[in-house]
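Naming: A, B, ... by sequence-line order, numbering from 1 per chain.
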Amino acid sequence: MKLGILVNEGPYTHQASDTAYLFVKAAIDKGHKIHRVFFYHDGVNNSSSLTEPPTDDRNIVARWSKLAKEHKIDLVVCVAAALRRGIKDNNLAEGFRISGLGQLIETGIQSDRTVVFGD
Amino acid sequence: MKLGILVNEGPYTHQASDTAYLFVKAAIDKGHKIHRVFFYHDGVNNSSSLTEPPTDDRNIVARWSKLAKEHKIDLVVCVAAALRRGIKDNNLAEGFRISGLGQLIETGIQSDRTVVFGD
Amino acid sequence: MTESTGGIDMDEGTSGVVKKFLYVNRKAPYGTIYALESLEVVLIAAAFDQDVSLAFLDDGVYQIAKGQHTKGIDVKNFSPTFRALEGYDIEKLYVSKDAMETRGLTEKDLLVPVTVLGAEEIADLMEQQDVVLSF
Amino acid sequence: MTESTGGIDMDEGTSGVVKKFLYVNRKAPYGTIYALESLEVVLIAAAFDQDVSLAFLDDGVYQIAKGQHTKGIDVKNFSPTFRALEGYDIEKLYVSKDAMETRGLTEKDLLVPVTVLGAEEIADLMEQQDVVLSF
Amino acid sequence: MLHTVNKSPFDRNSLESCLKHAKKGSAILLIEDGIYGALKGTAVTKKVEEALKKVSIYALYPDIEARGMQDRAVDGIKLIDYSGFVDLVAEHNTVQAWL
Amino acid sequence: MLHTVNKSPFDRNSLESCLKHAKKGSAILLIEDGIYGALKGTAVTKKVEEALKKVSIYALYPDIEARGMQDRAVDGIKLIDYSGFVDLVAEHNTVQAWL
């Protein structure tokens, strides 16, 4: 099955991006296809290459980047939400791309299911 | 009177930083002294020099910087919270400085009142 | 158009597919940015020729309250945009009867014409959707 | 020490002043970061020789529930730190009786020794403070 | 003591918890989405009117106006601006935010 | 239809609103702080037990365990892991998150 994912909250601050990540991993393990993970609202902060969590904590941004690389997942950050929050190409972590909100609608159209993680 | 301010939420996402700003401005207008504004949790995002809000919206980060300059307000960003969220010296807006949580406690000790703005 | 829709050529990949999209609004305006950024999604959605509905439940009904004047908090008043939705062919606006009653609001307190639904009818509306987006 | 307290020389500027600080915890752990980052403040506060109390109200009581195992959600379990507070001379932990009852919890469900207070006693506790910090 | 509440009473428990823990004679200021707790004809109006016998309640008018809730405030709730907010803080020894 | 609820029922109104709008036969999954709604002996237990007559309720066990609430789930609530979450999504035509 083709799944689309929307993440509305930033890393560490809310559990939403943790849950989204663990859900996506489980879906891949079960053989589902992830059409796209779209990051909106504070969710765009998941793509900041500048975050430095304590060494004994998970690295949420790096975890997404690794997932994107290993499974060719399309990680899309909303451009308008990103500008408002100071995310740009030069502080965008590997595996993410910045694009418009249309990509969220397209995710809804193309995916068999759209699952939202937020606050 | 000497006032200490704690801001726990990021700009745009929550109204907390707007309210804190308007409160601080009103306090200055009335002749009070602002001992410090301390930014914690997502509040550290108020100091990102990279944010670009739409042109017809207020610029929250620039507003803080201007206030700091005009009234010599000490704007302090918590280092641990900032690292977790990707705020560092090279993307820190003018008028802010990064320091430790002790500065929050010191604010509570030194100020006649401590006012918290959050979610 | 290409820019606002994220560089998607809408005739490719999505052509012919018309899904029922429901946007669920449960949050008050201004206290948080969710209401504003949700509305930005709805405006983009209008370009995709999908079957769009908006539901205002709980504090979401406050988003379409008349008489919003935001100068005093120095935040942009986005409520007039709801009036513009009709021009984008977004006309299916549903409001929870319970939410209105809990808040002492009536239809004449609202900015735009809406269809008021009871809880069961809202439940039916939700069941009919292909995609439900909430923010 | 200088680093963790933000470069403040505690003998200068704050010397002699002892204020009553109350940390109010009303949020559940893990769903949001507030509980963890609040605890980080409390640990730093311990270095300042102030009169520190912690109040756990509403969902805040869940922060000190026994038996937390966070491996499954891949988040760091910070609850053992509450056990360490005693070593920092932070021993005044107050818990709302109402909050416990609403959640079906008893003192034996909690990680640390606490003083259980009724709403009126909590109100009194709050009134006695010089600084109330909530996150 | 001054208490501030910034959340809608229909969505969160903060106003309820604040009212439960506010001592007689203390002040409560409703700001941001908290102003929805200051209005007539809602499901929480009675509770707020009851509380007015015990505590003073204020609401930040710029927040009321932003949300289009002018002329709806419960009688007895005092409407103030940011300058009045500052005065309230100065007049009370401690401020507690019900986040 | 699958509903997800991720907030504590003691702090937010999302579980209540979800229960009000969930049709007979639909499924509700409690995740994150939402799992506090799945527990025995609380102020919402009765409401949840009542709802079980009409809908299926699931709770994400890793979230229950993280919060130390093992062995407290109401009888009739099914405990699942992330893999079970994926299955629930696949089995239902639509998913609605009660944010």
Inspect the surroundings of [atom1] in [X] and state if more than 12 heavy atoms from other residues, nucleotides or ligands are less than 6.0 Å away.
X        : atom1 : value
Lys66(C) : NZ    : yes
Tyr88(C) : OH    : no
Asp49(C) : CG    : no
Lys47(F) : NZ    : no
Glu91(C) : CD    : yes

Scanning both residues in full, the closest heavy-atom pair of Ala123(C) with His21(F) reads CB-O, 3.1 Å
Smallest heavy-atom separation, Gln129(C) atom then Thr94(F) atom, equals O-OG1, 3.0 Å
Under 4.5 Å to a heavy atom of chain F? For Asp98(C) that would be side chain
Whatever's closer than 4.5 Å to a heavy atom in chain F on Phe135(C) counts as backbone
Turns out that what part of Asn93(F) lies under 4.5 Å from chain C's heavy atoms comes down to backbone
Could you state the interatomic distance from [atom1] ([X]) to [atom2] ([Y]), rounded to the nearest 0.5 Å?
X        : Y         : atom1 : atom2 : answer
Lys20(F) : Glu120(C) : NZ    : CD    : 12.0 Å
Met1(F)  : Met126(C) : CE    : CE    : 6.5 Å
Lys23(F) : Leu125(C) : NZ    : CG    : 10.5 Å

Discussion item. Taking Trp98(F)'s backbone N and O only, do any of them form a donor-acceptor pair with Ser134(C)'s side chain (distance below 3.5 Å, no angle check)?
Written reply: no
